[in-house]
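Throughout, residue positions are numbered sequentially from 1 according to the sequence presented.
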Amino acid sequence: MTPPSAVGPLGNGAARLTDIAAQAGVSEATVSRVLNGKPGVSAVTRRSVLAALDVMGYERPQRLRQRSNGLIGLVTPELDNPIFPAFAQAFEKTLTQYGYTPVLCTQLPGGAVEDEFTELLVERGVSGIIFVSGLHADVTARSDRYTQLIGQGVPIVLLNGHAADVPAPFISPDDRAATRLAVQHLVDLGHERIGLAVGPSRFVPVIRKIEGYRRAMAQLLGATEVDELISHSLFSVEGGQAAAAQLLMRGCTGIVCASDLMALGAIRACRDRGLSVPGEVSVVGFDDSPLIAFTDPPLTTVRQPVQSMVTAAVHTLLEAIAGTPGQHSELIFQPEFIVRGSTGSGPKVLR
């Protein structure tokens, strides 16, 4: 809807102008100057008035709308895992701040696949493409799809995965450090039988988490034979439940999971067996997804530094769009361990 105002492009009637001024914390005269494109208003104040229009649900006058610098493709997995909407929202906010319009392409079962989205984005003339947890994270997938894009002059940045033969910038959390933090926490609580619930072994983040887990178990507990304590499944609640069920049968009292959804499934597996969390079994997640602090119990997890990774990815992509050659490198971001209610001291061997 479009509000009336005392003067200017929004019509007549001073009541709405007063509302906008109150929301923005400025005078009605200042609001009028902004709406009419008059000088004498600082950039900060101008943004406050425009933000007030957005918050109150009013359309901005046509000539005050920012023109897009171009389109940026954002290709993500399906959004069932709340960490991916968190990434998408952070990308949208950051790209918009730089005047770019994000085009979100979400892969769904039975829907368009990554290559189809990529072809569509290139046809639409996007300025660049960001891939989140895409095929670049799958060691069995062809990587020439990315080198072909680069050869076409399309700047790209890839998150959460790494392909050594793709000359492009990669952005990743330190998956090895993540599992070490989780194992260290459980060891400090007195756990010795610590299992790892992860996704399919063909994914780079899984491979790295396993490497970090093996190293931590060897250094902290002297455990070098840990194959039976690693359980592969899907990155889902059901996958975590299945993986944890196997680990509980093998006597684990601490379970480190490769995602928060898997951790929720692990808690379900414990309860199915009549085991309390954290009284008898401790569970650690990964991501610190939105709302995960409000589960029962609140989930101890390893936080992905989403905003830091997104900021780095956007800056890197914009540099490439501006003509700076993309660096064949990987930026590794340190995760943060978040202690909540799903971990505690427990028996070393299940009854």
Side-chain angles (χ1 to χ4, degrees), residues 71-81 83-84 87-88 91 102-176 198-212 230 232-236 239 258-259 262 286-287 304 309-310 312-314 316-321 324-333:
L71 304 177
I72 300 292
L74 178 62
V75 182
T76 72
E78 55 190 280
L79 302 180
D80 289 350
N81 187 333
I83 194 62
F84 295 127
F87 268 112
F91 270 116
V103 180
L104 178 62
C105 299
T106 303
Q107 301 178 70
L108 298 172
V113 297
E114 182 176 309
D115 289 341
E116 293 173 352
F117 278 134
T118 300
E119 182 178 351
L120 176 64
L121 291 169
V122 172
E123 289 177 353
R124 294 295 185 273
V126 294
S127 300
I129 305 176
I130 298 168
F131 295 91
V132 180
S133 299
L135 291 172
H136 63 282
D138 187 341
V139 297
T140 67
R142 294 183 301 104
S143 58
D144 60 349
R145 54 176 46 89
Y146 302 112
T147 55
Q148 289 173 5
L149 267 179
I150 296 169
Q152 292 175 290
V154 180
I156 63 173
V157 175
L158 305 108
L159 267 73
N160 285 346
H162 183 259
D165 56 343
V166 177
F170 293 84
I171 309 289
S172 303
D174 193 332
D175 291 294
R176 299 181 184 91
V198 287
S201 59
R202 68 180 187 272
F203 294 115
V204 172
V206 171
I207 295 170
R208 291 175 171 181
K209 284 182 172 70
I210 291 175
E211 290 173 353
I230 301 173
H232 293 274
S233 188
L234 300 177
F235 289 107
S236 64
S259 76
M262 293 189 78
F286 177 79
D287 283 334
Q304 276 204 73
M309 293 170 62
V310 165
V314 170
T316 301
L317 186 67
L318 295 186
E319 287 178 358
I321 292 172
T324 303
Q327 298 295 316
H328 183 196
S329 61
E330 184 179 19
L331 295 178
I332 304 291
F333 287 79

Would you please classify the geometry between the F235 ring and the F203 ring as parallel, tilted or perpendicular, with 30° and 60° separating the classes?
tilted

Any chance you could measure [X], atom [atom1], to [Y], atom [atom2], to the nearest 0.5 Å?
| X | Y | atom1 | atom2 | answer |
| --- | --- | --- | --- | --- |
| I130 | L104 | CD1 | CG | 11.0 Å |
| S259 | I83 | OG | CD1 | 10.0 Å |
| H232 | R202 | NE2 | CZ | 11.5 Å |
| E78 | S133 | CD | OG | 12.0 Å |
| E119 | E114 | CD | CD | 13.0 Å |

Quiz: residues 148-163 side-chain donor-acceptor pairs under 3.5 angstrom, not counting sequence neighbours:
none

If I compare all heavy atoms of [X] with all of [Y], which pair ends up nearest, and what's the gap?
| X | Y | value |
| --- | --- | --- |
| R208 | I332 | NH1-CD1, 4.2 Å |
| S233 | P200 | O-CD, 3.2 Å |
| L79 | F84 | CD2-CB, 3.9 Å |

Would you call [X] and [Y] a side-chain contact if the rule is heavy atoms closer than 4.5 Å?
| X | Y | result |
| --- | --- | --- |
| F91 | T76 | no |
| V75 | L121 | yes |
| F87 | M309 | yes |
| N81 | D287 | yes |
| L135 | Y146 | yes |

Derivation of the side-chain contact (heavy atoms from CB on, under 4.5 Å) call for I72 and I321:
CA-CA 10 Å; I72 300 292; I321 292 172; 3.6 Å; yes

Step-by-step side-chain contact (heavy atoms from CB on, under 4.5 Å) determination, I129 to F117:
CA-CA 10 Å; I129 305 176; F117 278 134; over 6 Å; no

Please say which of D115, D165, D138 ends up in a salt bridge (Lys or Arg N to Asp or Glu O under 4.0 Å) with R145.
D115

Under 3.5 Å donor-acceptor pairs involving side-chain atoms of residues 166-176, not counting sequence neighbours:
residue	atom	partner	partner atom	Å
S172	OG	E330	OE2	2.7
D174	OD1	R176	N	3.3
D174	OD1	A177	N	3.0
D174	OD2	Q334	NE2	3.1
D175	OD1	K209	NZ	2.6
R176	NE	E211	OE1	2.7
R176	NH2	E211	OE1	3.0

